[in-house]
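All remarks here apply to the structure that follows.
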Amino acid sequence: MTKTNRIVLDVLNGAHAETPPIWIMRQAGRYLPEYRETRKTAGSFLDLCYNPELATEVTLQPIRRFGFDASILFSDILTVPHALGRDLRFEEGRGPIMTPIKPDEIDSLSDIADFHDRLAPVYETVRRLRSRLPRETTLLGFCGAPWTVATYMIAGHGTADQAPARLFLYRHPELMDTLLTGLAERSAQYLARQIEAGADAVQIFDSWSGVLDEASFERCCIRPVRLIVDRLSERFPDVPIIGFPKGAGSAYDSYRQETGVDALGLDWSVPLSQAKRLQKDSLVQGNLDPLRLVAGGNALDEGIDSILTALADGPFIFNLGHGITPQTPIDHVQRMIDRVRSWKGA
Ligand code: CP3
């Protein structure tokens with residue numbers, strides 16, 4: 001292993017860290033006043049995602065303010081279906097809105113020729129980030145896992161339980177396989193371009209893997225992510241891949257081996273005893289409940305301490321168990337970082 005002195009990258013590659021490195025999901029976002037300012041000048045959320053100068057700026061904001069150990073490209077998981085020609089907009093308070101894809105539209109997705117041209121601004125953002133980030137900051141690229149992306153393409157918006165996508169799966173299993181395999185191939189190419197542009201490691205967000213039964217989890221979450229990992233490992237064997245199958249519960253136990261990801265992002269419902277077990281086989285990342293960070297005080301301190309007591313000795317990256325919420329007070333974020341960085345062992 002070659003040490004890069006990028007601590008997140010080094011621990012992903014097996015180095016030991018005295019103090020756990022830290023970054024947080026959605027670290028560029030609405031809890032930051034400077035983000036809200038830039039967001040106003042950008043126009044829509046998607047305009048911001050496709051504007052390399054402004055997307056670079058908002059990615060750098062949490063690094064400047066807090067000095068996180070990793071920076072995650074500012075974009076969205078739904079740029080992939082957008083670049084495949086699906087319409088997409090973000091509505092205040094409602095989140096993403098798309099026209100639900102119909103079964104007879106799935107085959108034609110593979111015909112889209114200008115996929116990478118449409119994503120060129122994202123690749124340009126990655127290049128600018130690598131040249132402007134501090135040398136020691138790890139740059140993470142990302143994509144949505146095919147299942148999670150498919151749930152939005154099928155429902156056309158967020159839902160509580162992804163019933164439309166689950167029904168689609170049971171009614172049209174072959175078409176679902178076609179959709180997921182197509183998304184996996186495109187996502188692998190998308191991540192490959194991010195890596196070529198300068199990403200040190202990548203994370204695959206499967207935010208909705210928790211709504212599936214056992215057989216469907218295997219079919220819709222494991223298989224497509226395995227395909228992405230296989231494609232990337234052929235070309236970039238040294239670039240670590242973090243999988244985040246939110247809500248996977250006991251399925252976390254076999255996820256790493258079955259998908260081939262290098263590290264596991266844990267949501268906050270994963271018990272620390274299970275996390276410790278998982279850590280024997282791979283690096284784990286997580287898993288503070290984002291609402292402890294909103295509440296602050298003892299709820300925050302106790303949450304941090306129990307995670308560090310259980311996990312800080314092993315291969316570990318401190319993070320939240322899901323994205324930071326807009327109502328989070330900024331001083332709580334600073335308090336969390338200080339507490340993690342001053343950790344001296346249990
Ligand atoms: O982590 C980061 O800082 C990088 C940026 C990032 C965003 N979205 C920015 C964003 C990342 C990694 C994502 C991933 C993403 N996007 C996921 C997977 C992770 C998760 O949170 O479960 C999902 C499911 C999406 C789709 C999506 N994008 C939804 C459902 C929403 C609406 C919810 C919300 O918070 O408003 C978004 C919008 C979004 N993506 C925002 C940001 C900063 C807020 C939009 C705004 O600023 O107006």
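Remember, it's 1-based here, ligands and their atoms both numbered in the order they're listed. Residue numbers start at 1 and run along the sequence shown. Below, each value reflects all heavy atoms present in this structure, side chains not excepted, and no hydrogens, waters or symmetry copies.
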The protein heavy atom nearest to atom 18 (C) of ligand 1 is Ser207 OG, 3.2 Å
Is Pro96 in contact with ligand 1, taking contact as a heavy-atom separation below 4.0 Å? yes
For the rings on Phe45 and Phe74, is their centre-to-centre separation under 6.0 Å? yes
Can you check whether His322 has an N/O within less than 3.5 Å of an N/O in ligand 1? yes
Out of Thr137, Val8, Asp200, which residue meets the side-chain contact (heavy atoms from CB on, under 4.5 Å) rule with Ser71? Thr137
Decide whether the shortest distance between a heavy atom of Ala28 and an atom of ligand 1 is less than 4.0 Å. yes
Does Ser75 reach ligand 1, in the sense of a heavy atom lying below 4.0 Å from it? yes
Is Arg39 close to ligand 1, meaning an N/O of one under 3.5 Å from an N/O of the other? yes
Consider ligand 1: state whether an atom of it lies below 4.0 angstrom from any non-hydrogen atom of Phe244. no
Is there any N or O on Trp208 that sits under 3.5 Å from an N or O of ligand 1? no
Could you check atom 35 (O) of ligand 1 against the protein and tell me its nearest heavy-atom contact, residue, atom and distance included? Arg30 NH2, 2.5 Å
Close approach, Leu73 and ligand 1, non-hydrogen under 4.0 angstrom: yes
Pair Glu53 + Arg132, salt bridge at N-O below 4.0 Å: yes
Tell me yes or no: between the side chains of Tyr50 and His82, is some donor less than 3.5 Å from an acceptor? yes
Measure the shortest side-chain to side-chain distance between Ile24 and Phe318 over non-hydrogen atoms and say whether it is less than 4.5 angstrom. no
of all protein heavy atoms, closest to atom 11 (C) of ligand 1 is Phe142 CZ, 3.7 Å
Which residue supplies the protein heavy atom nearest to atom 24 (C) of ligand 1, what is that atom called, and how far is it? Tyr152 OH, 3.4 Å
Is it the case that ligand 1 has an N or O less than 3.5 angstrom from some N or O of Trp23? no
